Amino acid sequence: MLYNLLYPLSLSDQWSFLNLLKYITLRSIGASLTALVICLLLGPFMIRGLQAVQGAGQPIREDGPERHLLEKKGTPTMGGTLILLAVSLSTFFWANLANPYTIMVLVVTLGFGAIGFWDDYVKVTKQHSRGVSGRTRFLMQSFIALLMAIGLKWAGGATFGYLSLPFVKDYAIDLGWWYFPFAILVIVGSGNAVNLTDGLDGLAIGPTMLTAASFMIIAYVVGHYQFANYLGIPHVAGAGELTVFCGAMVGAALGFLWFNTYPAQVFMGDVGSLSLGAAMGAVAMVTRHEIVLSIIGGIFVLETFSVIIQVASFKLVGKRVFRMAPIHHHFELKGWAEPKIIVRFWIISIVLALIGLLTLKIR
Ligand code: 57M
């Protein structure tokens, strides 16, 4: 909004300093700091409010690691509402709201957030870990993902429908109509992958912050004609504005981590995990870096595949591969302390983010 309202004033000499607002880098850092401050200032009030409303807090499953029942009972959930508030307000304040990609990604983020909020609300009010049926959630999530794909087709761009490959220059696979189910796979898959991962304090928000930070760089270079051509990556005019949205995500994630770090004072809930994951999926689609997202967000992929492997193995041969899936529970049951699991997963995330960014250069 600042950009839309104040940048035109920069044409007059007395307001020429407002010319700074045209720089995406400045507005991205502004968005990060604004989202961070919103989370830090409102966090304590949000936690007290959630505790007052939720009483018993997050229902802890009986069949999980016993430690969770002992240590985590009563922790409030749905802290993701603060993340979404911080991201939305900060993006609204600092981004160019005439940019269609910013609006599309915000709609996906808030849409998945609404689905997650409904699921959390049902779980907390019923005090049971089963919320809205998986089928209902999948259908609603798929509808939003399809809307995003239609929006991308409308926004055009010569590279619509093409799947660009990391490390491969000047070649992309034309998915044709398969692009639409692919959009569901990327956006719904990302949302639910973060959802599965969010099972230990800070385990999901750390890699989410790293992914958003990586996509600040990716969105900036993809949206920059000279940089994109120099790097041999697809140029998507206007995608650079998503640097501001990703900056807001980084700031909000840092702010939420202040309260979600071990021992967590609040959990993000499905309202947070589904929306953050879907947001990253949507950004990856706009910037044509869907496969790179699976590298940078490799922790989310690992967690998801650990469940797929566990269920498939149990159904096919009646044996479990892991002591418990997702894989963070496996390490818990091996006796690793929670902070050790979390920080080691963050270290892996940092390595994967660096490898993902390397794909910008190695082609
Ligand atoms: C999402 N939710 C956490 C919190 C968070 C198919 C199967 C793999 C599904 C999976 C499942 O139920 N996933 C749901 C994970 C839950 O966290 C809440 O959910 C939100 C995220 N969606 O924001 O509100 C619990 O995680 C802990 N937690 C923290 N700190 C945090 O910052 O400690 C969360 C955030 C919270 C808290 O205890 O209550 C969760 O784990 O449920 N199922 C599982 O993950 C279960 N695995 C399982 O059944 N494995 C089977 C088969 C199906 C693969 C097997 O291995 O044989 C495990 N999870 C739990 N209990 N809680 C084991 C059973």
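Numbering of ligands and ligand atoms starts at 1, following listing order. What you see is a predicted model; the values in this text were computed from it and never measured.
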Below a 4.0 angstrom heavy-atom separation, can you tell me which part of [X], side chain or backbone, both or neither, approaches ligand 1?
{"X": "R320", "result": "side chain"}
{"X": "A264", "result": "neither"}
{"X": "L200", "result": "backbone"}
{"X": "T77", "result": "side chain"}

Within ligand 1, which atoms have a heavy atom of [X] less than 4.0 Å away?
{"X": "S273", "result": "21 (C), 22 (N)"}
{"X": "P326", "result": "44 (C), 45 (O)"}
{"X": "V307", "result": "8 (C)"}

Carboxylate-amine/guanidinium proximity below 4.0 Å for E241 and R27: yes

Plane angle bin for Y220 and H224 - parallel if under 30°, tilted between 30 and 60°, otherwise perpendicular: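 Tilted: the ring planes of H224 and Y220 meet at 30° to 60°.
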
H330 and F322 aromatic ring geometry - parallel, tilted or perpendicular at 30°/60° bounds: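 If you compare the ring of F322 with that of H330, the planes turn out perpendicular.
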
Side chains of D198 and S273, donor plus acceptor under 3.5 Å: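 Short answer, no.
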
No-hydrogen, no-angle side-chain donor-acceptor test under 3.5 Å, T211 and S214: no

Polar proximity ligand 1 side, A325 side, N/O cut 3.5 Å exclusive: yes

Which of these, [options], has its nearest heavy atom closest to [atom]?
{"atom": "atom 58 (C) of ligand 1", "options": "Q265, H329, Q310", "result": "H329"}
{"atom": "atom 32 (O) of ligand 1", "options": "V194, N260, D270, V266", "result": "N260"}
{"atom": "atom 2 (N) of ligand 1", "options": "D201, V311, D198", "result": "D198"}

NZ or CZ of R137 within 45° of W118 ring axis and under 6.0 Å: no

Side-chain (D201) to main-chain (A264) donor-acceptor, under 3.5 angstrom: yes

Close approach, G269 and ligand 1, non-hydrogen under 4.0 angstrom: yes

Check: Y179 ring centroid to F160 ring centroid under 6.0 Å: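 Distance test on ring centres: under 6.0 Å, yes.
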
